[in-house]
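Step one of this worksheet: look at the structure below.
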Amino acid sequence: MKIGYPCINRGIGCTANSTFRLANYSPDNLVNKVTNNLACLKKILEYNVDNNLLFFRISSDLIPFASHPICEFKWQDYFKEHFSELGSFIKKNNIRISMHPDQFVLINSPKEEVVKKSIADLTWHCEVLDLMGLDDSAKVQIHVGGIYGDKESAINRFVRNYKKLPQPIKRRLAIENDERLYSVKDCLSVSEMTKVPIIFDSFHHSCLNDGQTMREALGLIQQTWNKHDGIPMTDYSSQQLNSKVGKHTEHIDIKDFRKYIKRTKGIDFDIMLEIKDKEKSALKAIKAISA
DNA sequence: AGTTGTCAAGCTAGT
DNA sequence: ACTAGCTTGACAACT
């Protein structure tokens, strides 16, 4: 079991997700930002290794506008060595990596244009992981998508479009249960038809489920992970008190976390802590499971 | 130097 | 038909 946090380290003094406005796009600007982002990513990963945090989500802002038509710059070639070096560090230290394109990436949209842009976005995410030389256990996670008035046809559209995806995307794509539309059960029916592995989000599951306990849900999604995919990835968070249902907590509720670990004992999975204070909570969590 | 509005992209639910 | 909210950090323009 590895513990990690997404995209940002709040204490280290640099960011690996610095971007700029589309209006300010230029190859120079891109090179500058990406150079800094990659340098910071290295620092974050070093910090993580030093602190036994061996699961990390790389920000989708690592390469700003990578899949936008404006970006004709061949960043893949320009930063080839950087990626390869980062990849070696990741492999040497046995770090698990994920990426999570945002809400605009929808492969089940009825709009062809949206699907096309989504595939372009998935392509660059996978290219980054490929340039690092990472195996199939480095995943790119998305949600199933919208309902568009008819869930069954929305699911069928996902399956149809999934089957047409290029192999470099298929080998890395994973779907995650969300808090409003697609539950673990829904994801399972998608996975049955596509063999796509499911990332279990415990917080979303507490918002939307079909009656399964955390343990039952984890047991179900575990079966969607093949050997080459690695052990299941999961997201963990908890409710921010006195806030709207679904809001992620500011700091880890270590009591709730311990309970979760206890209830899921015996199942091996990696945990991404989707918590605002990032590495601070991750340090508490790693301490809690090591104790 | 600090504050606030805005940012490439989409969908759902509520009016 | 239209818009706020999702959920969110950081850029960029403004005090």
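Each chain gets a letter, A, B and so on, in the order its sequence line appears, and its residues count up from 1.
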Taking disulfide (SG to SG under 2.5 Å) as the test, write out the residues that go with A:Cys40, two or more places apart.
A:Cys14
Report the secondary structure of DNA chain B in dot-bracket form, marking unpaired bases with a dot and bases paired to a different strand with |, and treating Watson-Crick or G-U pairs with both distances under 3.5 Å as paired.
|||||||..||||||
Partner set under ring pair (Phe, Tyr, Trp, His ring centres under 6.0 Å) for [X], not counting sequence neighbours:
{"X": "A:Tyr78", "value": "A:Phe73"}
{"X": "A:Phe55", "value": "none"}
{"X": "A:His248", "value": "A:Phe203"}

Within a radius of less than 6.0 Å around CD of A:Glu216, do more than 12 heavy atoms belonging to other residues, nucleotides or ligands occur?
yes
Check the surroundings of atom CD in A:Glu192: do more than 12 heavy atoms from other residues, nucleotides or ligands lie under 6.0 Å from it?
no
Distance between [atom1] atoms of [N] and [M] (Å, rounded):
{"N": "C:dA10", "M": "B:dG10", "atom1": "P", "value": "23 Å"}
{"N": "B:dT3", "M": "C:dT8", "atom1": "P", "value": "22 Å"}
{"N": "B:dT6", "M": "C:dT3", "atom1": "P", "value": "15 Å"}
{"N": "B:dG5", "M": "C:dG5", "atom1": "P", "value": "15 Å"}
{"N": "C:dT7", "M": "B:dG14", "atom1": "P", "value": "15 Å"}

Whether [X] side chain and [Y] backbone form a donor-acceptor pair below 3.5 Å:
{"X": "A:Thr224", "Y": "A:Ser191", "value": "no"}
{"X": "A:Asp229", "Y": "A:Asn226", "value": "yes"}
{"X": "A:Lys33", "Y": "A:Asp28", "value": "no"}

Between protein and nucleotides 9-15 of chain B, map the contacts as a letter string: B base, S sugar-phosphate only, - none, heavy atoms under 4.0 Å, written 5' to 3'.
BBSS---
Sorted by first residue and then second, give each side chain to side chain donor-acceptor pair (under 3.5 Å) pair with at least one member in residues 117-132 of chain A; sequence neighbours left out.
A:Ser60-A:His125, A:Ser67-A:Asp121, A:Gln76-A:Glu127, A:Asp121-A:Trp124, A:Asp130-A:Arg171, A:Asp130-A:Arg172
Does anything in residues 113-187 of chain A form a disulfide (SG to SG under 2.5 Å)? List the pairs, not counting sequence neighbours.
none
If you look at every strand shown and take non-hydrogen atoms under 4.0 Å, does A:Glu179 touch a base, only sugar-phosphate, or nothing?
sugar-phosphate
Categorize A:Lys276 for me: base, sugar-phosphate, or nothing, with a 4.0 angstrom heavy-atom threshold over every strand shown.
sugar-phosphate
Would you please name every residue forming a salt bridge (Lys or Arg N to Asp or Glu O under 4.0 Å) with A:Asp201, sequence neighbours left out?
none
Tell me every residue that passes salt bridge (Lys or Arg N to Asp or Glu O under 4.0 Å) with A:Lys151, counting only those two or more places apart in sequence or in another chain.
A:Asp186
Nucleotide range of DNA chain C lying under 4.0 Å from chain A heavy atoms
C:dC6 to C:dA12
Roughly how many Å is it from NZ in A:Lys33 to P in B:dA8, rounded to a whole number?
14 Å
Rounded interatomic separation in angstrom, taking CG from A:Asn24 and P from B:dT6:
17 Å
Would you jot down, in residue-number order, the residues of residues 8-18 of chain A having a non-hydrogen atom under 4.0 Å from DNA chain C?
A:Ile8, A:Arg10, A:Thr15, A:Asn17, A:Ser18
Please determine whether a side-chain nitrogen of the Lys or Arg among A:Lys116 and A:Glu112 lies less than 4.0 Å from a carboxylate oxygen of the Asp or Glu.
no
